[in-house]
Amino acid sequence: MDLDAFGEVKLPSAIQVQRRGARRPPNPREALALVLGALGTLGRMSGVKTLNIELHGQPAALTIIEGAQFGEDAQGNTILENTSND
């Protein structure tokens, strides 16, 4: 698997969580919960497949989102485009 073929996610700002009126970046556990929640939601609308792999001798998680592809907006930020005909 050629990792140079993979892109990186670029966003204009990081996700913030709010608690008691204060905003802050999510901690790792909250960030993982946000990712899993988003993938679960996408999985109900399209196919989401997961696979555990080994990469450079370390475990890695791979997710495929059917009917979607990454793109960029005018500012170079990562977007996820729906390519299905639904």
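Just so it is clear, the structure is predicted and the values come from calculations on it, not from any experiment.
Counting heavy atoms from C-beta outward, Q75 and K10 have side chains that stay 4.5 Å or more apart. At least one side-chain heavy atom of I65 sits under 4.5 Å from a side-chain heavy atom of L80. For the pair P25/Q16, a side-chain contact is recorded, criterion being any heavy-atom separation below 4.5 Å from C-beta on. When side chains are defined from C-beta on, L55 does not count as touching L62, because their heavy atoms never get closer than 4.5 Å.
Grouping the Ile, Leu, Val, Met, Phe, Trp and Tyr side chains by contacts below 4.5 angstrom, directly or via other members, places V35 with F70. Residues M45 and L39 share a hydrophobic cluster, clusters being chains of Ile/Leu/Val/Met/Phe/Trp/Tyr side chains in contact below 4.5 Å.
The two atoms that bring L11 and T78 nearest to each other are CD2-O, 4.1 Å, heavy atoms only. Q69 approaches T83 most closely through the heavy-atom pair CG-CG2, 3.6 Å. Contact between P26 and A31 at its shortest, heavy atoms only, is CB-N, 4.0 Å.
Using a distance-only test at 3.5 Å, with no hydrogens or angles considered, no donor-acceptor pair links the side chain of S46 to the main chain of G67.
Checked against side-chain hydrogen bond (donor to acceptor under 3.5 Å, both in side chains), N52 has no partners two or more places apart in sequence or in another chain.
For residues 26-43, the pairs satisfying salt bridge (Lys or Arg N to Asp or Glu O under 4.0 Å) are R24-E30, with sequence neighbours left out.
The environment of CG in L51 is crowded: more than 12 heavy-atom neighbours from other residues, nucleotides or ligands sit within 6.0 Å.
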